[in-house]
Amino acid sequence: MGWSSWNAFGTDIDETKILGSAQRIVDSGLAAAGYRYINIDDGWWARRQIPDGRLVIRADRFPSSVKGSTSSFRPFTDKLHAMGLKAGIYSDLGRNTCSQAYSGDDTDLPKGSVLEREVGLYGHIDQDIALYFADWGFDFIKVDGCGLRAYGAASPKVRSGQYRALAPVLDLQSVTRSNIPAVQAEFTQINAALVRNNPDGDFLLSLCVWGAADVRAWGKNFGNLSRTSDDITPSWARLLTNFDSAARRELYAHPGSWNDPDMLYIGKGDFDANHLVEARSHFALWAMLNAPLMIGADLRTMPQPLMDIVGNTDIIAVNQDPAGNQATLAYDADDLEILVKPLASGQKAVAIFNRGLAPMDVDLTAEQLKFRDNAPITLTDLWTKADTTFTNETKLRVAPRETRIFRVQGTRMLAQGIYLSERPGSVNPAVDGVTRPQPDPTIFRSSAGWTGTKGAGERPMYAGWGGARADSTPYGQTMQIAGTPYAAGIGILANSRLEVRNNGYRSLSAQVGVDDSAQDRTHGVTFMIYGDGKLLAKSKPLRWGQPAQALSADVAGVSLIELVVRSTAQVNEQLPVSWGDAALLSPARPD
Ligand code: GLA
């Protein structure tokens, strides 16, 4: 949680603006509520000094950085640290940055020769990371990807001689055109440099490759947050896109590595003080997704009603809940979604999100919450704090663009255990079986893109289709094996391995088989359960149409369970399989 300069100021930054927002974070109590990171985004560089390569800060904007003939952010980070805050910096994977590629004028851009304007990490990883972390004392770095995307030989700024060409290896529009190993190689070096050059051992790495290059599958190996889409703008349509880009990735996040649908835009446009419904939705939805809560407004002038939104401690607690479960979609239509997020306390949070333009009367059921339908369920409204109790089902009115958000107390449906889909933060695909990443066609395609409505419109572009899902097949169907549907379970492709962290359960059981949605009717698959590396249970080979096999394993004392599915022969297509009703049972002590 924290604040970033980008949505508030773009590249027009200076230390008065940043420290002013930091001061309000402290004075308003937001720091005490958890907002700690104060992150400088693009726009801080003056140039790279030649020949020693040391980066120079814009002295006119950051006067405290001038120390004789050297340039240092140390006085700035010292100030933030003295305020009890942490400090974040920004760089790029390539030689040049996003603003250098995309901004229309060069007021805020680095100045000097072509080489002096190469301020990105490429070719300088060790030197720059040592400067940022060991020398200047930063705690967080966001690494953008424009330098690996926008400087092809044909790009106008390269052709005109402003920048050197760097063959693009990242393609936001097309996962098949990205060179995934090349992007990973860069992050490998950055990560190693962070480990080497960080005296206090405390850093966060924010990956900003916008869901490109199938980063969903590997971002967790390098960083702590990973952007799932292109930039948010202060428009409702764009919020839908950014929300969707993360909402079906519930199994691809866990403590230490989160989906990042981009920074908050509360304070501007569709999320300003005249749009409190939308601003509250934005906040509630980001909280449910376990998204980083990075305020993107000029806090020196933020109106109190918006301060109250980002300061809602009940909703912050949902976001920061130690169980680390991203919400799953319990109800999923184009105009209405119900998200459920199991909390460490055994309670759940539920958000009912009206995406559309008409008010709706929504049924919320015990089943959607995976609570018993014959025991009382209490909803606590996290805005009004009002409690209501119901059994089985209730009706709720949700205004256009409103998100109603509640903490819920009820009795878990499984008396003696928990469905794996109720703990997505501890069930994560190590290998998801996706061999040919494809764009997810369910992500809202907004008209609020960078080129307005010129061209043919945004195409599906965010790889994710076919990924592992809670309570759904990888392609969004209800899980079903030989005609039997499963409301709960994990849907994944064959040739996959899920890691399940166990905390005291004694057995794992599931109904396993090839999902009825599979196109391949000939090949068999085998399901295996491993406990701390040892094979505990194995199914017979199962083909499409064969009834589910009950598979269970004794996992008492096991800390890492692995759920593996192997096809018995080489399959050419991505084959959906289901771990129906997958659950951990018989806790040593209930959690
Ligand atoms: C990219 C990122 C943004 C921001 C800008 C800065 O567009 O996605 O979040 O950092 O670069 O230029």
Side-chain angles (χ1 to χ4, degrees), residues 2-13 17-18 37-45 58 61 88-110 117-122 132 138 140-151 155 157 163 168 170-173 178 183 187 190 204-213 215 219 223-235 238-239 241-242 245-246 258-269 282 286 291-297 446 448-451 458 461-462:
W3 179 90
S4 161
S5 57
W6 181 250
N7 288 348
F9 303 116
T11 49
D12 186 12
I13 48 175
K17 290 173 177 169
I18 297 173
Y37 285 85
I38 304 295
N39 296 344
I40 306 178
D41 208 285
D42 204 347
W44 63 265
W45 290 279
R58 292 170 78 185
R61 300 303 184 98
I89 186 96
Y90 170 90
S91 191
D92 197 287
L93 287 168
R95 295 189 187 113
N96 298 100
T97 67
C98 292
S99 58
Q100 288 179 309
Y102 297 116
S103 80
D105 72 87
D106 74 348
T107 318
D108 295 322
L109 301 184
R117 284 181 286 110
E118 290 184 351
V119 294
L121 288 167
Y122 196 85
Y132 298 156
F138 281 100
F140 175 110
I141 185 166
K142 169 173 167 184
V143 179
D144 226 324
C146 293
L148 298 187
R149 162 186 173 196
Y151 294 90
S155 66
K157 290 190 175 180
Y163 300 110
L170 257 178
D171 191 318
L172 180 49
Q173 266 71 39
S178 289
V183 182
F187 279 121
I190 291 169
L204 290 184
L205 170 58
S206 161
L207 311 185
C208 186
V209 297
W210 324 280
V215 65
N224 308 93
L225 359 162
S226 178
R227 280 277 296 279
T228 52
S229 71
D230 202 350
D231 296 2
I232 191 167
T233 66
S235 97
R238 197 76 208 176
L239 171 134
T241 305
N242 284 45
S245 70
W258 310 106
N259 288 318
D260 177 6
D262 206 357
M263 300 164 285
L264 298 169
Y265 234 130
I266 292 167
K268 273 199 188 156
H282 187 2
W286 262 232
L293 300 179
M294 291 291 175
I295 298 170
S446 158
W450 302 118
T451 52
E458 191 168 284
M461 59 183 180
Y462 300 111

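The structure presented is a predicted model; accordingly, all values stated were derived computationally and were not measured. Scope of the values below: all heavy atoms of this structure, side chains included, with no hydrogens, waters or symmetry mates. Each ligand, and each atom within it, is numbered from 1 in the order the structure gives.
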query: Would you say Asn39 and Phe138 make side-chain contact, with heavy atoms under 4.5 Å?
result: no
message: Test of understanding: with side chain to side chain contact (heavy atoms under 4.5 Å, CB included), list the residues that count as partners of Ser245, not counting sequence neighbours.
response: Thr228, Ser229, Ile443
- request: Taking all non-hydrogen atoms of both residues into account, name the closest pair between Ser446 and Arg238 and its distance.
  value: OG-N, 3.8 Å
Dump all N/O pairs between ligand 1 and the protein below 3.5 Å as a table: atom names plus distance, one pair per row.
residue	atom	partner	partner atom	Å
ligand 1	7 (O)	Asp231	OD1	3.4
ligand 1	7 (O)	Asp231	OD2	2.7
ligand 1	8 (O)	Trp210	NE1	3.0
ligand 1	8 (O)	Arg227	NH1	3.3
ligand 1	8 (O)	Arg227	NH2	3.3
ligand 1	8 (O)	Asp231	OD1	2.5
ligand 1	9 (O)	Lys142	NZ	2.8
ligand 1	9 (O)	Arg227	NH1	3.1
ligand 1	10 (O)	Asp41	OD1	2.7
ligand 1	10 (O)	Asp41	OD2	3.4
ligand 1	10 (O)	Lys142	NZ	2.9
ligand 1	10 (O)	Asp144	OD2	3.2
ligand 1	11 (O)	Asp144	OD2	2.9
ligand 1	12 (O)	Asp42	OD2	2.7

- line: The single option from Asp106, Thr11, Asp92 that satisfies side chain to side chain contact (heavy atoms under 4.5 Å, CB included) with Ser99 is Thr11
message: Quick test of your reading: applying salt bridge (charged side-chain N to carboxylate O under 4.0 Å, His left out), list the pairs with at least one residue in residues 140-150, sequence neighbours left out, ordered by first then second residue.
response: Asp41-Lys142
- prompt: For Cys208, what residues pass the disulfide (SG to SG under 2.5 Å) criterion, not counting sequence neighbours?
  reply: none
